[in-house]
Chemist: 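Before we start, here is the structure in question, set down as structure tokens.
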There are 2 protein chains.
Amino acid sequence: MEAYERIKKSIIEGAYAPGTRLTEENLAKELQISRTPIREAIKRLETERLISPLKRGVIVSEFNTEDIRQIYNLRALLEGYAAAEAAVNRSDEDIEAMERCNEQFKDLLETPTYERTERLNEIMELNNQFHSAVYNASHNEHLRFHISSVTVLPLVFRSFYWYNEYQLKKSLELHQTISVAIQANEPDRAKTAMQEHIYQGRDHVLKNIDHES
Amino acid sequence: MEAYERIKKSIIEGAYAPGTRLTEENLAKELQISRTPIREAIKRLETERLISPLKRGVIVSEFNTEDIRQIYNLRALLEGYAAAEAAVNRSDEDIEAMERCNEQFKDLLETPTYERTERLNEIMELNNQFHSAVYNASHNEHLRFHISSVTVLPLVFRSFYWYNEYQLKKSLELHQTISVAIQANEPDRAKTAMQEHIYQGRDHVLKNIDHES
DNA sequence: AGTTGATTTATTGTATACAAAGTGCTACGA
DNA sequence: TCGTAGCACTTTGTATACAATAAATCAACT
């Protein structure tokens, strides 16, 4: 794996906490490579807004509740649009991909909880796959790009750890509603359901953030 | 000016045409610097989608009519949202900034056409300033980021050279409508006018692209 | 003791050398 | 003539040395 991906992973998973200062030399030592590839990775992460420039060096970006609100609202806007476009442009394979995700999601929910963290990671992965399937079904490369860049944030990653069984079930149901609407070529229905789904996620995160601090 | 900005400028202004292959060494020779800063610039431009990776090296990104449609539709979505948000969050200074742009725009339209290219450059600059003023007025940093990255394309730059006097006048009128709606705290009115403005731009570009080929 | 200036230290910016890997060309054989 | 192996060349990837600059420390002076 190249330097960029490794650093990004560490940030998203929280290994480098928000506010942590990153220096080229430390990263180079840590990843056992020279500064050159580190510099490229940093530049790239900077344009993705995952790290913020300082007068000297960079820190892992910090997001306050206003940021979270804005980011989730943008997700609702963009993914809502993606769902609507998907309902117009989707192929049969797109539908299958979405249904597959939801099937697996359902299976997982019905499985007795073997190991909490492991199970949540799988659910999170399936959730990501479903959302990807939706914006892939929109067949809009530029839209996909913007959604990706708004989604890759540490918070979005952490949020699942706060979900309880009822909330996971609600998520699945909305996924199914979205999938059906896209299959039935109902753009507005698909959009509404997607937005509702994302706003529920937003409120959930905001509530828990508040609770934490 | 640093390497990144210089290369970006060349691409946007069309000095490096779409499809042109760029090699690190040539750029280094051209800008009279070493490959190291060139590499950083390339990485950054790559994440911004202005250049596309090849198995070996990069080319200036090419956009077909479908890309243009998708990009303008995204602009309509994002800038429409920005206008609506601006109508809620704007300060008095934001309003002044917008009005200033429109005043200058109006003056320029009424000025006898001294030198076509020069005049169009100024109009283009004022148009950009107005759009910036709108998304600044939304006071949403993340939204601003996405709009910037969807706007910085060679096409958007060239589009103004196809405008005639009547179309420029229509643009100004819509700018004024947007400005008034934002001032009057009418989100939906602001959004509609902005979207209409951008869709007009889209159709104009698509018509002229068709005509060219 | 506090403030300012100078010296040291930490960190990034740039250039360059070399390694790695892809691309294309040439010559040879079928 | 076509295909392919091998070689040369082009171009990117990485490491490293050194320059430039910002930050921190320390000292001297008030």
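In the text below, chain A, chain B and the rest are named by the order of the sequence lines, each starting its count at 1. These values consider heavy atoms only, across backbone and side chains, with no hydrogens, waters or symmetry-generated copies.
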Chemist: Please identify each residue that fulfils salt bridge (Lys or Arg N to Asp or Glu O under 4.0 Å) with A:Glu85, with sequence neighbours left out.
Modeler: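 In terms of salt bridge (Lys or Arg N to Asp or Glu O under 4.0 Å), with neighbours along the sequence ignored, A:Glu85 is linked to no residue.
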Chemist: With distance as the sole criterion, is a donor-acceptor pair present between the side chains of A:Asp67 and A:Tyr72 under 3.5 Å?
Modeler: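 No - no donor-acceptor pair under 3.5 Å links their side chains.
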Chemist: C:dG13 P sits how many Å from B:Ile38 CD1, rounded?
Modeler: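 Checked: the CD1 to P distance equals 15 Å.
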Chemist: Minimum heavy-atom separation for A:Arg119 and A:Leu108, please, with both atom names.
Modeler: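 Distance-wise, the nearest heavy atoms are NE-O, 3.4 Å.
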Chemist: With a 4.5 Å heavy-atom cut-off, do B:Glu48 and B:Ser149 have their side chains touching?
Modeler: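 Heavy-atom side-chain distance check fails, nothing below 4.5 Å.
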Chemist: Run the side-chain contact (heavy atoms from CB on, under 4.5 Å) test on A:Ile147 and A:Arg75 for me, step by step, so that the C-alpha distance in whole Å, both residues' side-chain angles and the decisive distance to 0.1 Å come before the verdict.
Modeler: CA-CA 7 Å; A:Ile147 293 175; A:Arg75 275 193 70 191; 6.0 Å; no
Chemist: Which residues pass the ring pair (Phe, Tyr, Trp, His ring centres under 6.0 Å) test with B:Phe145, sequence neighbours left out?
Modeler: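 Counting only residues at least two positions away or on another chain, B:Phe145 forms no ring pair (Phe, Tyr, Trp, His ring centres under 6.0 Å).
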Chemist: For nucleotides 20-26 of chain D, tabulate all protein N/O to nucleotide N/O atom pairs closer than 3.5 Å, reporting atom names and distance.
Modeler:
residue: D:dT21; atom: O2; partner: A:Arg56; partner atom: NH2; Å: 2.7

Chemist: With the threshold set at under 4.0 Å for non-hydrogen atoms, list the residues of residues 19-27 of chain B touching DNA chain D in residue-number order.
Modeler: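 Close to the strand are B:Arg21, B:Leu22, B:Thr23, B:Glu24, B:Glu25.
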Chemist: The criterion is salt bridge (Lys or Arg N to Asp or Glu O under 4.0 Å); which residues satisfy it with B:Glu25, sequence neighbours excluded?
Modeler: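 By the salt bridge (Lys or Arg N to Asp or Glu O under 4.0 Å) rule, B:Glu25 matches no residue at all.
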Chemist: Kindly assign one of parallel, tilted or perpendicular to the pair B:His146 and A:His146, based on the angle between their ring planes and the thresholds 30° and 60°.
Modeler: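 Judged by the thresholds at 30° and 60°, the geometry between B:His146 and A:His146 is tilted.
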Chemist: Looking only at heavy atoms, what is the nearest atom pair of B:Arg44 and A:Thr47, with distance?
Modeler: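 That would be CG-CG2, 3.1 Å.
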Chemist: With the sugar-phosphate defined as primed atoms, P, OP1 and OP2, and the base as all remaining atoms, what B/S/- string results for nucleotides 14-19 of chain C, 5' to 3', for protein heavy atoms under 4.0 Å?
Modeler: BBB---
Chemist: Nearest-Å distance, CG (B:Leu54) to P (C:dG24)?
Modeler: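 One finds 11 Å between P of C:dG24 and CG of B:Leu54, rounded.
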Chemist: Could you check whether any side-chain heavy atom of A:Asn140 comes within less than 4.5 Å of a side-chain heavy atom of B:Asn73, counting everything from C-beta outward?
Modeler: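 Heavy-atom side-chain distance check fails, nothing below 4.5 Å.
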